[in-house]
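Just below is one structure, and these are the notes that go with it.
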Amino acid sequence: QVQLVESGGGLVQSGGSLRLSCAVSGYRLENYAIGWFRQTPGKEREGVACISNNDGSTYSSDSVRGRFSISRNNAKNTVYLQMNGLKPEDTAVYFCAADSHKGMVSAAHLRSARYEYWGQGTQVTVSS
């Protein structure tokens, strides 16, 4: 019954912005770190950004740092990924995932193998 549902993907021009949402149910969001990942056919899943269970820390990949921002609203059971300055190379299916880790996050939390629960993904396409 643990479920994560992504939304907010779409088609956007290069340089534009999107905000992705990850709505969670079946567990208390405050007990899980949440990561955002993206995947293109033929490539390994790439960690994008993650946030601690208590909103005390975040970590993002070098490729998106300064453009993407992750945040959470525990009252709304939702985690967000604000994406600004989008580039064509950001085109991918974006997934959110939950990990029972508690405390601050680091680069280790951009590895997909550690996450136990996954959403279905939402498509982001950036045109030029």
Side-chain angles (χ1 to χ4, degrees):
Q1 62 180 353
V2 175
Q3 187 175 19
L4 301 91
V5 179
E6 303 92 337
S7 62
L11 175 65
V12 65
Q13 285 265 36
S14 179
S17 298
L18 285 173
R19 189 179 74 163
L20 305 184
S21 297
C22 176
V24 301
S25 62
Y27 63 92
R28 298 181 66 177
L29 182 61
E30 66 190 27
N31 291 329
Y32 291 87
I34 302 295
W36 282 99
F37 299 82
R38 62 188 182 186
Q39 188 166 27
T40 301
K43 297 182 179 180
E44 293 186 0
R45 190 167 296 174
E46 175 191 10
V48 175
C50 53
I51 188 166
S52 68
N53 67 297
N54 62 0
D55 203 26
S57 67
T58 63
Y59 194 88
S60 59
S61 68
D62 291 342
S63 63
V64 307
R65 192 171 299 134
R67 299 187 297 120
F68 292 9
S69 178
I70 187 170
S71 62
R72 70 158 71 214
N73 188 321
N74 289 338
K76 296 181 178 180
N77 298 315
T78 302
V79 173
Y80 304 96
L81 183 68
Q82 179 67 46
M83 304 185 295
N84 300 321
L86 284 163
K87 305 174 181 179
E89 52 263 44
D90 295 319
T91 296
V93 177
Y94 283 72
F95 301 86
C96 63
D99 173 29
S100 60
H101 173 82
K102 297 177 177 61
M104 66 182 299
V105 294
S106 67
H109 298 277
L110 295 183
R111 298 200 298 264
S112 62
R114 71 180 298 126
Y115 288 83
E116 189 171 9
Y117 306 105
W118 291 83
Q120 83 289 347
T122 186
Q123 177 71 45
V124 172
T125 303
V126 184
S127 63
S128 60

Donor-acceptor check, side chain of [X] to backbone of [Y], threshold 3.5 angstrom: yes or no?
X	Y	value
E6	Q120	yes
R38	E46	no
Q82	R19	no

Nearest 0.5 Å, what's the [atom1]-[atom2] distance between [X] and [Y]?
X	Y	atom1	atom2	value
N73	L29	CG	CG	9.0 Å
K87	S128	NZ	OG	13.0 Å
S127	L86	OG	CG	10.5 Å
I34	L81	CD1	CG	12.5 Å
N54	N31	CG	CG	10.5 Å
E116	Y27	CD	OH	10.0 Å

Nearest atoms (heavy-atom pairs only) where [X] meets [Y]:
X	Y	value
D90	G85	OD2-O, 4.4 Å
N84	S17	OD1-OG, 2.9 Å
A92	T40	CB-OG1, 3.8 Å

> Which residue pairs pass the ring pair (Phe, Tyr, Trp, His ring centres under 6.0 Å) test with at least one member in residues 59-81, sequence neighbours excluded?
Replying inline: none
> Which ring pair (Phe, Tyr, Trp, His ring centres under 6.0 Å) pairs, counting each pair once, include a residue from residues 96-128, with sequence neighbours left out?
Replying inline: F37-Y115, F37-W118, H101-H109
>> For the NZ atom on K76, are there more than 12 heavy atoms of other groups (residues, nucleotides or ligands in this structure) within a distance under 6.0 Å?
In response: no
>> Can you confirm whether E89 is buried at CD, in the sense that more than 12 heavy atoms of other residues, nucleotides or ligands lie under 6.0 Å from that atom?
In response: yes
>> Once disulfide bond (SG atoms under 2.5 Å apart) is applied, do any residues pair with C96, and if so which ones, sequence neighbours excluded?
In response: C22
> With sequence neighbours left out, what residues match R45 under salt bridge (charged side-chain N to carboxylate O under 4.0 Å, His left out)?
Replying inline: none
> I70 versus V79: any side-chain heavy-atom pair under 4.5 Å?
Replying inline: yes
>> Please tell me whether V48 and F95 are part of a single hydrophobic cluster in this structure, the criterion being side-chain heavy atoms less than 4.5 Å apart.
In response: no
>> Are V105 and Y32 connected into the same hydrophobic cluster when the rule is that any two of I, L, V, M, F, W, Y join if their side-chain heavy atoms are below 4.5 Å apart?
In response: no
>> The criterion is side chain to side chain donor-acceptor pair (under 3.5 Å); which residues satisfy it with S61, sequence neighbours excluded?
In response: S63
> Picking from L18, V93, L11, T91, what satisfies side chain to side chain contact (heavy atoms under 4.5 Å, CB included) with V124?
Replying inline: L18
> Is there any disulfide (SG to SG under 2.5 Å) pair reaching into residues 98-128, and which pairs are they, with sequence neighbours excluded?
Replying inline: none
